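Notes follow the structure.
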Amino acid sequence: MEENKSIANRIMVIGCPGAGKSTLSAQIAQIRNIPLVHLDSIQWIDDNTTAPQATFDAKLKEEIQKKEWIMDGNYARTLALRMECADMVIWLDFPRSICCYRILKRYVKNKRKKNPHGNLNCALSSRQ
């Protein structure tokens, strides 16, 4: 297998809830064939339970040490740590009206579905 010689092998995607972080991250991961890490999947154990901070931090440190990744999510407490390891940061800066529309659309669409990243309602809260 040929090693990916791109300048950016560790990519962070940040932005407001509803900006499209997960969608863009998944597309880049597929195109570049690099591992995708959703911070919500590390943080949320199930719809009502979050991982202890030490567990989250240990898993995050394990992920950011890898050669390649695309990581989506804000989690301000760990932003500096992730930025130290990232080769590129993509900040999705959309108007609040677009983000709110997308959050409501996602909520209605997924109202009866289990969120693959935990907490179905986290998009409507300030957890990110």
Side-chain angles (χ1 to χ4, degrees):
M1 179 187 264
E2 184 178 321
E3 186 177 331
N4 188 345
K5 296 186 183 344
S6 173
I7 293 173
N9 291 320
R10 296 175 174 172
I11 304 167
M12 285 176 49
V13 180
I14 58 175
C16 293
K21 297 179 299 292
S22 295
T23 301
L24 179 62
S25 296
Q27 291 170 347
I28 294 170
Q30 183 176 12
I31 291 167
R32 297 278 317 283
N33 194 29
I34 58 176
L36 173 57
V37 179
H38 295 287
L39 293 180
D40 282 346
S41 68
I42 297 173
Q43 176 69 23
W44 290 95
I45 295 170
D46 60 35
D47 282 352
N48 299 309
T49 311
T50 59
Q53 185 173 318
T55 303
F56 176 87
D57 290 350
K59 180 66 176 167
L60 176 62
K61 287 176 183 173
E62 177 184 319
E63 293 294 334
I64 63 175
Q65 295 306 314
K66 295 179 180 176
K67 282 184 159 185
E68 296 178 321
W69 44 258
I70 180 155
M71 193 171 291
D72 81 348
N74 292 328
Y75 294 86
R77 185 180 63 78
T78 65
L79 192 61
L81 174 66
R82 289 178 286 130
M83 288 185 86
E84 288 177 15
C85 296
D87 300 319
M88 175 186 290
V89 177
I90 300 172
W91 175 38
L92 299 178
D93 184 23
F94 287 95
R96 184 178 297 165
S97 59
I98 290 174
C99 294
C100 288
Y101 168 76
R102 289 176 178 170
I103 291 169
L104 288 171
K105 181 179 165 185
R106 177 173 58 202
Y107 178 76
V108 169
K109 180 181 174 186
N110 298 320
K111 191 171 184 178
R112 299 196 190 277
K113 295 180 185 175
K114 181 170 175 54
N115 186 330
H117 309 302
N119 193 351
L120 180 61
N121 296 312
C122 71
L124 297 176
S125 71
S126 59
R127 295 196 188 272
Q128 290 188 349

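Worth knowing before you read on, the calculation uses all heavy atoms, side chains too, and leaves out hydrogens, waters and symmetry mates. All values reported here derive from a predicted model rather than from experimental measurement.
- Considering only residues two or more places apart in sequence or on other chains, Ser97 meets the side chain to side chain donor-acceptor pair (under 3.5 Å) condition with none of them.
- Contacts of Gln30 classified as side chain to side chain contact (heavy atoms under 4.5 Å, CB included), with partners at least two apart in sequence or in another chain: none.
- Contacts classified as ring pair (Phe, Tyr, Trp, His ring centres under 6.0 Å) and involving residues 51-71 (residues at least two apart or in different chains) are given here: Phe56-Tyr75.
- Paired with Met12 under the rule side-chain contact (heavy atoms from CB on, under 4.5 Å), one option of Val89, Ile70, Leu39 passes, and it is Val89.
- Following chains of ILVMFWY side-chain contacts shorter than 4.5 Å, one can reach Leu81 starting from Leu79, so the two form part of one hydrophobic cluster.
- The side chain to side chain contact (heavy atoms under 4.5 Å, CB included) check on Ala58 picks up nothing, with sequence neighbours excluded.
- Asn48 and Asp46 make their closest contact through N-OD1, 2.8 Å (heavy atoms, listed as atom of the first residue, atom of the second, distance).
- Checked against side chain to side chain donor-acceptor pair (under 3.5 Å), Ser25 has no partners two or more places apart in sequence or in another chain.
- Taking Arg96 as the reference, nothing meets the side chain to side chain donor-acceptor pair (under 3.5 Å) condition, with sequence neighbours excluded.
- The distance from atom CZ of Arg106 to atom NZ of Lys111, rounded to the nearest 0.5 Å, is 15.5 Å.
- Contact between Asn9 and Asp87 at its shortest, heavy atoms only, is N-OD2, 2.9 Å.
- A donor-acceptor contact shorter than 3.5 Å links the side chain of Asn74 to the backbone of Gly15.
- Note: Arg32 CZ to Glu68 CD = 6.5 Å, rounded to the nearest 0.5 Å.
- What you find for Cys99 and Pro17 is that their closest heavy atoms are CB-O, 3.3 Å.
- Here the closest non-hydrogen pair linking Asp72 and Ser22 is OD2-OG, 2.6 Å.
- For Leu92, the side chain to side chain contact (heavy atoms under 4.5 Å, CB included) test picks out Val13, Ala19, Lys21, Leu24, Ile90, Phe94, with sequence neighbours left out.
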### Message
The test is side chain to side chain contact (heavy atoms under 4.5 Å, CB included); show your working for Thr78 and Ile64 and say whether it passes.
### Response
CA-CA 11 Å; Thr78 65; Ile64 63 175; over 6 Å; no

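- Thr23 is linked by a side chain to side chain contact (heavy atoms under 4.5 Å, CB included) to Gln27, counting only residues two or more places apart in sequence or in another chain.
- Residues passing the salt bridge (Lys or Arg N to Asp or Glu O under 4.0 Å) test with Lys66, sequence neighbours excluded: Glu63.
- Partners of Arg10 under the side chain to side chain donor-acceptor pair (under 3.5 Å) rule, at least two apart in sequence or in another chain, do not exist in this structure.
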### Message
Test side chain to side chain contact (heavy atoms under 4.5 Å, CB included) on Leu60 and Arg82; report intermediate values, then the result.
### Response
CA-CA 9 Å; Leu60 176 62; Arg82 289 178 286 130; 3.9 Å; yes

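- Between Leu36 and Ala29, the shortest heavy-atom distance links the atoms CB-CB, 3.9 Å.
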